[in-house]
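All values derive from a computational prediction rather than experimental measurement.
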Amino acid sequence: LADSHDLNQARHAAETLGLSCTYVTITPKELAAALPQVIGAIPVRDPVNTSIALTQYFVARFAGEQGYRRVITGQGADELFGGYSRYLETPTLDEDLERDFLGLELQATRDQSVAALHGAYFSMPYMDVRVVRAARAIPAAEKVQGGHRKVPLRQVAERHIPPEFAWYEKKAMQYGSGVWKELQRLAKKNGYKASIQDYIDHISRVEHGH
């Protein structure tokens, strides 16, 4: 959405690195129109999965409109290298990483279902078997240390891009894009002030009879 964290940060990164970058701004109206389609396509219909899929929907839509079929995404990096903020607090880091890794298949199904709506496909380099094998050989304690997450990935990134970006803490796409806030606003506007889940269930029933 206009003036979201991700638009501003992407603009700053592109300018600093001298890269060309295309910015696609979405409106609250477009978001509301896409919601039933997204909910109908994904396997798990909860607020987190819905908001992530909704964000991916617009990436895939733009790609499809421009005639691109393949979109490279960073899915899997958090689970493989320890990227979630909750990893900083957990006493069971090994188990958490293992559990989240096993959840990647369902996430990939969600993302590809949305991409397919626009005739596109998400290509996930982090999910390449060689990357997975290398990442899983690194001890969990090396991935999350000194208050930092995804440490091995950042160390490699630092060789190729300025430390400012290599060590930058990203926001989850549904927050950084402004989609989550807009989804909350839509739920409220439609009489579901307390629960995004109830709003999603309502759309699911109305549109798809689920």
Any [X] side-chain heavy atom under 4.5 Å of [Y] side chain:
X      : Y      : result
Leu106 : Pro43  : yes
Val71  : Ser123 : no
Leu17  : Pro162 : yes
Cys21  : Arg11  : no
Leu31  : Leu186 : yes
Gln75  : Tyr126 : no
Ile138 : Phe81  : yes
Pro47  : Trp180 : yes

Is [X] salt-bridged to [Y], cutoff N-O under 4.0 Å?
X      : Y      : result
Lys143 : Glu79  : no
Glu169 : Arg154 : yes
Glu65  : Arg61  : yes
Lys150 : Asp78  : yes

I need the minimum non-hydrogen distance between [X] and [Y], along with the two atoms involved.
X      : Y      : result
Thr50  : Val38  : O-CG1, 4.1 Å
Ala2   : Thr25  : N-CG2, 3.4 Å
Ala32  : Pro36  : O-CD, 3.4 Å
Val131 : Pro125 : CG2-O, 3.6 Å
Ala115 : Ala60  : CA-CB, 3.7 Å
Ala166 : Ala157 : CB-CB, 3.9 Å

Under 3.5 Å, side chain of [X] to main-chain N/O of [Y], donor-acceptor pair present?
X      : Y     : result
Thr90  : Tyr87 : no
Thr92  : Glu95 : no
Gln197 : Arg45 : yes
Glu30  : Thr27 : yes

Can the ring centroids of His118 and Phe62 be said to lie less than 6.0 angstrom from one another?
-> no
Distance-only side-chain donor-acceptor flag, [X] / [Y], under 3.5 Å:
X      : Y      : answer
Asp6   : Ser177 : no
Gln37  : Tyr57  : yes
His202 : Tyr192 : yes

Rounded distance (nearest 0.5 Å) linking atom [atom1] of [X] with atom [atom2] of [Y]:
X      : Y      : atom1 : atom2 : answer
Leu93  : Glu98  : CG    : CD    : 11.5 Å
Ile161 : Arg159 : CD1   : CZ    : 12.5 Å
Arg185 : Asn190 : CZ    : CG    : 10.0 Å
Gln174 : Lys171 : CD    : NZ    : 11.0 Å
Ser51  : Glu182 : OG    : CD    : 12.5 Å
Ile42  : Asn49  : CD1   : CG    : 6.0 Å

Which is it for Phe122 and Val59 under the side chain to side chain contact (heavy atoms under 4.5 Å, CB included) test, yes or no, and what are the steps along the way?
-> CA-CA 10 Å; Phe122 288 130; Val59 175; 4.2 Å; yes
Arg136 to Phe101, cation-pi by 6.0 Å centre distance and 45° axis angle = yes
Taking the six-membered ring of Tyr84 (Phe, Tyr or Trp), confirm whether the NZ or CZ of Arg86 is under 6.0 Å from its centre and within 45° of its axis.
->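 Yes, a cation-pi geometry holds between Arg86 and Tyr84.
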Should the heavy atoms of other residues, nucleotides or ligands under 6.0 Å from CD of Gln66 be counted, would the total exceed 12?
-> yes
May I ask you to check whether over 12 heavy atoms, not counting those of Phe165, lie within 6.0 Å of atom CZ?
-> yes
Co-membership, hydrophobic cluster, residues [X] and [Y], 4.5 Å side-chain:
X      : Y      : value
Leu104 : Val129 : no
Val132 : Leu102 : yes
Phe58  : Val179 : yes
Ile52  : Ile196 : no
Tyr121 : Met124 : no

Can you check side chain to side chain contact (heavy atoms under 4.5 Å, CB included) on Val144 and Leu88, steps first, answer last?
-> CA-CA 7 Å; Val144 182; Leu88 291 169; 3.7 Å; yes
Output, in order, the C-alpha distance, side-chain angles, deciding distance and verdict of side chain to side chain contact (heavy atoms under 4.5 Å, CB included) for Lys181 and Tyr175.
-> CA-CA 7 Å; Lys181 202 181 265 182; Tyr175 304 129; over 6 Å; no
Relative to each other, are the rings of His148 and Trp167 parallel, tilted or perpendicular (30° and 60° limits)?
->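 Because their plane-to-plane angle is over 60°, the rings of His148 and Trp167 count as perpendicular.
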side-chain hydrogen bond (donor to acceptor under 3.5 Å, both in side chains) assessment of Asp111 paired with Gln107 | CA-CA 6 Å; Asp111 299 341; Gln107 281 191 43; over 6 Å; no
Report the C-alpha distance between Leu54 and Leu35 in whole Å, list the side-chain angles of each, state the deciding distance to 0.1 Å, and finish with yes or no for side chain to side chain contact (heavy atoms under 4.5 Å, CB included).
-> CA-CA 7 Å; Leu54 199 50; Leu35 199 49; 3.8 Å; yes
Test side-chain hydrogen bond (donor to acceptor under 3.5 Å, both in side chains) on His12 and Glu164 and set out the steps.
-> CA-CA 11 Å; His12 168 57; Glu164 175 199 352; 2.5 Å; yes
